[in-house]
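Chain A is the first sequence line, chain B the second, and so forth, proteins listed ahead of strands; every chain is numbered from 1.
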There are 2 protein chains.
Amino acid sequence: MKKITDSTLTQISKHLNLSISTVSRAINGQSKKYRISEKTTKVIIEAAKKFKYEPNELARSLRLKKSNTIGVIVPDITNPFFAVVVRWIENAARLNDKIIFISDSNNDTEFEKIAIKAFSSRKIDGLIVAPVGNESFHLSEMNQLDIPIVIIDRYLDKLNLPFVGSNNYEGSKEATKYLIGKGHQKIAFNQGLKKSKLNLDRVRGYCDALNENGIAINHNLIVGENFNEQSGYEAAKFLLSKNTGITAIFTASNQIALGTIKAIKEKKLHIPNDISLLSFDNQSYWDFFSPPITTVEQQTKKIADKAYNLLSEMIKKNKIIGNSKIQLSTKLIKRKSVKDKVKKAWK
Amino acid sequence: MKKITDSTLTQISKHLNLSISTVSRAINGQSKKYRISEKTTKVIIEAAKKFKYEPNELARSLRLKKSNTIGVIVPDITNPFFAVVVRWIENAARLNDKIIFISDSNNDTEFEKIAIKAFSSRKIDGLIVAPVGNESFHLSEMNQLDIPIVIIDRYLDKLNLPFVGSNNYEGSKEATKYLIGKGHQKIAFNQGLKKSKLNLDRVRGYCDALNENGIAINHNLIVGENFNEQSGYEAAKFLLSKNTGITAIFTASNQIALGTIKAIKEKKLHIPNDISLLSFDNQSYWDFFSPPITTVEQQTKKIADKAYNLLSEMIKKNKIIGNSKIQLSTKLIKRKSVKDKVKKAWK
DNA sequence: TTGTAGGCGTTATCAC
DNA sequence: GTGATAACGCCTACAA
């Protein structure tokens with residue numbers, strides 16, 4: 001960090017025999033306000049260019065109590081869903097001359113805490129977090145420190161923090177209904193993190209769809225522990241090892257779907273003839289699978305934009321907008337991974 | 001940022017009727033060095049806990065000329081290759097109590113410049129960048145400011161900056177030879193950013209493999225403009241609209257491959273019977289394509305680790321380790337997207 | 001064993 | 001029109 005050519009206001013002011021204040025004001029475009037002569041202003045601007053002056057934002061932040069940085073924490077940056085959200089958040093932030101600290105919590109609350117502490121001591125202006133979801137004390141603590149927080153993706157019930165995400169209940173219900181409509185009765189659900197509200201919502205949507213169609217819920221068909229590929233694989237493997245008679249699996253995330261497909265392939269089963277598959281999270285690559293996978297699409301850009309705007313407003317107004325809960329609609333993208341059992345029966 | 005319970009050394013020292021220095025020293029574990037009595041130390045530590053003291057890293061950074069932050073710039077965070085690299089860099093950084101600023105340059109040098117400026121004014125300790133690749137002045141400028149930089153993925157010829165990436169030439173050559181070995185003669189190359197060294201290396205590997213096997217290079221078969229899906233799609237579409245007689249396409253990135261597959265599907269052609277496909281960048285989802293796609297795998301974790309360690313060393317020693325160029329080997333992951341024309345001929 | 005004072009680079013307030 | 005000074009919160013050389 002010891003820059004050779006690092007220039008400061010002091011250096012420029014000494015070189016020009018002017019006071020630091022004058023230089024600062026001219027550089028910050030306040031010449032008119034402070035009636036600094038055009039000549040002086042010009043001289044200062046030129047010197048700043050010559051010395052490649054670049055304000056030290058650390059010093060500015062300290063003085064102004066505003067760092068123009070925001071923190072973003074996601075459970076898994078390698079999941080394209082979160083990567084896309086991060087990208088859009090950065091795009092929005094850039095328009096406000098803010099930059100972002102990133103942390104991948106790896107679905108581990110401990111890492112989430114570490115990141116929060118580090119971000120907080122760097123005085124971020126605000127935080128957008130897709131929480132792991134099984135604990136929330138550290139978040140409410142940060143909120144008490146008056147750092148605005150917006151939660152995305154995984155809603156936390158206990159907290160009164162603004163949230164932006166999808167309407168998981170409806171999305172899940174619609175998908176399950178679609179499966180039922182295609183003649184499936186024994187439908188398994190390969191779920192994500194059990195205790196998380198997001199997962200609970202998706203489970204509830206699944207259950208309600210079954211109930212409303214007079215299908216009894218078999219809790220043995222609800223499997224899985226987490227949102228990652230590994231959990232999806234293991235749960236599916238377990239499921240397929242039993243004699244359950246299932247004809248379709250609904251998975252709670254793209255990563256779970258990947259793991260499920262792996263298990264299905266290992267069992268030498270074919271989608272959709274032997275078993276149908278439907279998953280949350282749309283990705284461009286689903287189009288190219290064999291067969292293309294039917295999915296529930298979330299509005300990622302909208303989630304990112306709304307979250308950023310909400311945070312931005314909270315930062316500006318310096319107040320916590322508690323409990324605004326935005327749930328965006330999802331869209332069922334129909335491809336070829338669900339077998340139409342009704343059609344077949346008619347033949 | 002106006003924290004209600006924000007506590008500072010001053011506050012604690014006033015509350016305890018001790019000097020700021022004593023409090024600072026005790027909190028920083030320097031009690032022994034400065035012979036602060038156990039009693040005082042204890043009192044201070046307890047007060048710090050009570051007030052939830054958390055050092056202001058902005059102030060510390062300013063004073064110590066070290067921010068414990070590093071910047072990471074990638075051309076496309078939604079590309080799993082870069083997402084994985086970012087994740088491993090963060091993992092390494094976390095062990096050193098460093099946090100990272102992220103920027104997605106969106107393959108645009110202008111955004112890269114904006115990020116660099118913002119990072120530099122925040123006094124990052126170092127920068128890891130996967131550059132867009134067609135310009136490098138802004139990078140050398142930053143380097144002159146004495147901020148350590150490590151380049152990853154896309155090597156920049158003109159610069160004397162340390163680089164960590166794959167041996168693209170060999171990887172590309174091996175892949176092309178594999179195609180030739182399977183009986184392919186008319187092989188197209190759907191390339192990335194034309195002027196980038198990385199792309200040039202991959203093109204060179206492709207050309208040399210052809211040459212060494214006595215196959216003349218047809219420049220009409222080298223298409224594409226950039227590393228993204230869109231470019232891959234358009235180039236493949238163009239290619240397939242001509243009567244070239246190609247039997248295989250080699251693509252320079254996973255995103256290009258996705259676009260190429262889209263174009264192939266639109267043309268109602270089948271992989272590998274109508275056309276074979278081989279791509280750079282391995283992903284777990286390639287296994288599930290129809291057919292599974294043969295790829296050239298890069299050692300992402302190793303790239304991230306080596307880059308971080310190199311940067312870390314440069315930061316510690318406060319010197320620029322110019323021109324160390326690390327090129328890691330790649331691995332051909334054979335799946336089912338390449339047709340064995342030789343075998344067929346024998347039948 | 002603890003305290004004082006200066007400075008990191010800015011900006012805001014007050015003075016001339 | 002411009003300048004001096006204090007303050008943001010922290011660390012450290014030097015005092016005591």
Whole angstrom is fine here: how far is it from [atom1] in [X] over to [atom2] in [N]?
X: A:Leu62; N: C:dG9; atom1: CG; atom2: P; result: 12 Å
X: B:Ile36; N: C:dG3; atom1: CD1; atom2: P; result: 9 Å
X: B:Lys32; N: C:dT1; atom1: NZ; atom2: C1'; result: 15 Å
X: A:Leu9; N: D:dA6; atom1: CG; atom2: P; result: 19 Å
X: B:Gln11; N: D:dG9; atom1: CD; atom2: P; result: 8 Å
X: B:Leu64; N: D:dT12; atom1: CG; atom2: C1'; result: 10 Å
X: A:Gln30; N: C:dT13; atom1: CD; atom2: P; result: 11 Å
X: B:Lys33; N: C:dT2; atom1: NZ; atom2: P; result: 16 Å

For [N], take OP1 and OP2 only and decide whether either is under 4.0 Å from a side-chain N or O of [X].
X: B:Ser21; N: C:dT2; value: no
X: B:Thr8; N: D:dG9; value: no
X: A:Tyr34; N: C:dC14; value: no
X: B:Thr22; N: C:dG3; value: yes
X: B:Lys65; N: C:dG9; value: yes

Kindly list each side-chain donor-acceptor pair under 3.5 angstrom involving residues 26-35 of chain B, sequence neighbours excluded, with atom names and distances?
{"unit_1": "B:Asn28", "atom_1": "ND2", "unit_2": "B:Ser24", "atom_2": "O", "d": "3.0"}
{"unit_1": "B:Asn28", "atom_1": "ND2", "unit_2": "B:Ser24", "atom_2": "OG", "d": "3.4"}
{"unit_1": "B:Ser31", "atom_1": "OG", "unit_2": "B:Thr41", "atom_2": "OG1", "d": "3.1"}

Nearest-nucleotide check on DNA chain C, B:Ala59 vs B:Ser37; residue mapping nearer the 5' end is B:Ser37

Where each residue is assigned the nucleotide of DNA chain C containing its nearest heavy atom, which of A:Thr10 and B:Ile20 is assigned the position nearer the 5′ end? B:Ile20

Whether B:His15 and B:Phe51 hold their rings parallel, tilted or perpendicular, with breakpoints at 30° and 60°: perpendicular

Measure up the B:Phe163 and B:Tyr155 rings against each other and bin them: parallel (under 30°), tilted (30 to 60°), perpendicular (over 60°). perpendicular

Picking from C:dG9, D:dG1, D:dT12, which would you name as closest to the side chain of A:Arg35? D:dG1

Candidate nucleotides D:dT2, C:dT4, C:dG9, ranked by approach to the side chain of A:Leu18 - the nearest: D:dT2

Does B:Ile99 offer a backbone N or O that forms a donor-acceptor pair with the side chain of B:Glu90 under 3.5 Å? no

Have a look at B:Arg60 and say if it touches a base, only the backbone sugar-phosphate, or nothing, with a 4.0 Å heavy-atom cut-off. sugar-phosphate

Is A:Arg25 side chain donor-acceptor paired with the C:dT10 base, going by distance under 3.5 Å alone? no

For a quick check, tell me whether the side chain of A:Thr40 and the base of D:dT2 share a donor-acceptor pair closer than 3.5 Å. no

Can you check salt bridge (Lys or Arg N to Asp or Glu O under 4.0 Å) on B:Arg60 and B:Glu57, steps first, answer last? CA-CA 5 Å; B:Arg60 278 187 110 223; B:Glu57 290 292 337; 3.6 Å; yes

